[in-house]
Peer 1: 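My questions all concern the structure below.
Worth knowing before you read on, the calculation uses all heavy atoms, side chains too, and leaves out hydrogens, waters and symmetry mates. As the structure lists them, so they are numbered: ligands from 1, and atoms in each ligand from 1.
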Amino acid sequence: MSGCKLTARVSGVGKALPERRLTNAELEKMVDTSDEWITQRVGIKERRIAAEGEYTSHLAIRAAADALEMSGLKADEIDLILVATSTPDMVYPPVACLVQKALGAVNAGVMDISAACTGFIYGGSIAWSMIRSGLMRHVLVIGAEINSSVVDWKDRDTCILFGDGAGAAVFSAHESDTEGVLSIKLGGDGRFDELLCLPNSGCRPFPEISGRHIVMQGNETFKQAVRNMYECAVSALECAGLTSADVSLLIPHQANTRIIGAVSKRLGLPDEKVFVNIADYGNTSAATIPIALCEALEQKRLKRGDVLVIDAFGAGLTFGAMAIRWV
Ligand code: ACO
């Protein structure tokens with residue numbers, strides 16, 4: 001033993017996106033909206049939509065396989081698979097089980113996480129805790145969604161916002177006092193349970209709402225998102241003995257460029273320290289952060305020693321942030 005603290009680092013990442021692009025121009029033909037409105041108010045230009053027969057597990061498996069390959073691990077070295085999703089293929093078996101089967105990760109425990117758009121950070125925090133406690137060495141965390149299956153395509157308030165996709169990261173044991181995951185802050189506020197819901201998706205019937213689709217109070221959700229994402233990022237940094245001045249890159253949940261702009265401004269972060277890819281994919285819920293992390297690495301936006309903050313917000317309300325010194 002080196003005497004260093006046991007922590008976790010991200011040893012591999014991957015992403016998977018459906019091929020089909022749904023542009024704002026196409027949405028203009030489906031609902032009363034415009035490319036200009038969507039671009040200005042939300043910052044989305046197009047989103048990906050799953051093909052018929054393409055499910056959350058398919059995207060999760062593709063993203064996970066890439067993350068595993070990058071980590072250099074064999075599938076049987078994975079100790080735990082966590083899939084954050086609000087749109088599983090079915091309630092059970094968990095999507096994590098389908099990923100395990102496809103990868104041949106025969107030694108892994110499996111579990112899905114229901115924490116809406118914050119699910120990847122909740123998954124990352126479980127991975128960190130398991131690794132830090134010495135119980136596990138490699139945990140695969142996936143965020144995967146087929147949001148197109150729960151969108152009301154006649155509701156212009158919501159149908160323009162969401163897209164399908166998956167991202168994955170392998171968290172691996174790392175001995176260091178200064179590098180890897182530094183801190184987490186998790187939070188929730190059930191008082192706002194009605195701001196963003198998916199009625200008719202569980203045992204409770206909602207006879208007043210026909211079918212199963214996202215229902216959202218956009219304005220109030222917006223305000224809560226800004227406040228909670230800001231406060232979570234500050235708390236996570238404080239726990240790590242850092243301030244926003246130390247941040248090299250913020251990867252925020254991609255729900256709206258104006259939410260991202262407001263959070264970054266409060267943190268005092270210039271645009272070049274904030275990763276934004278919402279124009280290409282829309283809001284992929286639990287998948288936004290791992291997809292963005294994958295693209296940040298592809299674009300060489302992170303190098304060893306950089307302080308990365310991932311920061312999310314979702315229905316529930318749920319929120320959370322994690323600070324990582326990149327290695
Ligand atoms: N196209 C054109 N006009 C529209 C559209 C549209 N797609 N949607 C709404 N409008 C209209 C409204 O009807 C309204 O018209 P009115 O003034 O005549 O009543 C006007 O635009 C303004 O509507 P607002 O709701 O006030 O618009 P706002 O600027 O708040 O933007 C939005 C709406 C984009 C939904 C914003 O509130 C938002 O991003 N909220 C947060 C959403 C979010 O983050 N959701 C997910 C978080 S958690 C998760 O990811 C699961």
Side-chain angles (χ1 to χ4, degrees), residues 22-47 56 84-88 113-122 143-165 167 187-190 192-199 201 212-230 232 251-263 276-279 281-292 310-321:
L22 178 66
T23 63
N24 291 349
E26 286 172 271
L27 279 167
E28 283 177 359
K29 295 183 194 133
M30 295 162 61
V31 288
D32 181 15
T33 191
S34 66
D35 174 47
E36 192 193 356
W37 193 96
I38 301 172
T39 307
Q40 282 180 2
R41 297 284 181 128
V42 202
I44 300 171
K45 297 303 275 185
E46 60 182 38
R47 61 293 287 143
T56 298
T85 184
S86 302
T87 52
I113 296 176
S114 170
C117 302
T118 318
F120 181 80
I121 291 186
Y122 273 77
E145 307 279 8
I146 303 287
N147 282 323
S148 59
S149 68
V150 293
V151 159
D152 177 357
W153 290 104
K154 292 190 281 306
D155 176 16
R156 70 171 183 178
D157 291 343
T158 51
C159 77
I160 56 141
L161 299 173
F162 296 96
D164 302 336
D189 195 341
F192 296 101
D193 58 334
E194 292 187 349
L195 284 188
L196 184 51
C197 312
L198 186 46
S201 58
R212 180 180 64 134
H213 55 80
I214 297 168
V215 176
M216 185 178 71
Q217 296 173 37
N219 273 311
E220 193 52 34
T221 305
F222 191 107
K223 286 181 214 152
Q224 292 294 334
V226 173
R227 187 165 67 79
N228 288 304
M229 285 176 70
Y230 167 72
C232 277
I251 299 185
H253 174 48
Q254 311 280 313
N256 184 319
T257 39
R258 289 186 296 138
I259 293 175
I260 295 171
V263 173
V276 184
N277 64 358
I278 189 173
Y281 308 125
N283 181 347
T284 56
S285 303
T288 69
I289 288 182
I291 291 172
I310 56 176
D311 191 10
F313 167 90
L317 303 174
T318 58
F319 27 85

Peer 1: Below 4.0 angstrom, N of the basic side chain to O of the carboxylate: do Glu26 and Lys29 qualify?
Peer 2: no

Peer 1: Got a protein heavy atom sitting under 4.0 Å from atom 10 (N) of ligand 1?
Peer 2: yes

Peer 1: Within the distance-only criterion (no hydrogens, no angle test), does the side chain of Thr85 pair as donor or acceptor with the backbone N or O of Ala144 below 3.5 angstrom?
Peer 2: yes

Peer 1: For Ser201, is there any backbone N or O sitting under 3.5 Å from a side-chain donor or acceptor partner on Arg212?
Peer 2: no

Peer 1: Protein heavy-atom contact under 4.0 Å for atom 7 (N) of ligand 1?
Peer 2: yes

Peer 1: More than 12 non-hydrogen atoms from neighbouring residues, nucleotides or ligands closer than 6.0 Å to CD on Glu220, yes or no?
Peer 2: yes

Peer 1: Please list, in number order, the atoms of ligand 1 under 4.0 Å from a heavy atom of Cys117.
Peer 2: 48 (S), 49 (C), 50 (O), 51 (C)

Peer 1: Taking Cys117's backbone N and O only, do any of them form a donor-acceptor pair with Ser285's side chain (distance below 3.5 Å, no angle check)?
Peer 2: no

Peer 1: Show which atoms of ligand 1 fall inside a sub-4.0 Å distance from at least one heavy-atom site of Asn283.
Peer 2: 46 (C), 49 (C), 50 (O)

Peer 1: Are Gly314 and ligand 1 in contact, using a heavy-atom cut-off of under 4.0 Å?
Peer 2: yes

Peer 1: Using a strict threshold of under 4.0 Å (side-chain N to carboxylate O), is an ion pair present between Lys45 and Asp35?
Peer 2: yes

Peer 1: Any non-hydrogen protein atom below 4.0 Å of atom 39 (O) of ligand 1?
Peer 2: yes

Peer 1: So for ligand 1, is Arg41 a polar contact partner (N or O within less than 3.5 Å, distance only)?
Peer 2: yes

Peer 1: Could you find the nearest protein heavy atom to atom 48 (S) of ligand 1 and give me its residue, atom name and distance?
Peer 2: Leu196 CD2, 3.3 Å

Peer 1: Can you tell me the protein heavy atom closest to atom 24 (P) of ligand 1 and the distance?
Peer 2: Asn219 ND2, 4.0 Å

Peer 1: Write down the atom of Ser149, the atom of Thr87, and the distance for their closest heavy-atom approach.
Peer 2: OG-CG2, 4.3 Å

Peer 1: Among all protein non-hydrogen atoms, which one is nearest to atom 1 (N) of ligand 1, and what is the separation to 0.1 Å?
Peer 2: Thr33 OG1, 2.6 Å

Peer 1: In the protein, which heavy atom is nearest to atom 15 (O) of ligand 1, and how far is it?
Peer 2: Arg156 NH2, 4.2 Å

Peer 1: For atom 32 (C) of ligand 1, which protein heavy atom lies nearest, and how many Å away is it?
Peer 2: Asn256 ND2, 4.5 Å

Peer 1: Would you mind finding which of Phe222, Phe162, Trp37 brings a heavy atom closest to atom 33 (C) of ligand 1?
Peer 2: Trp37

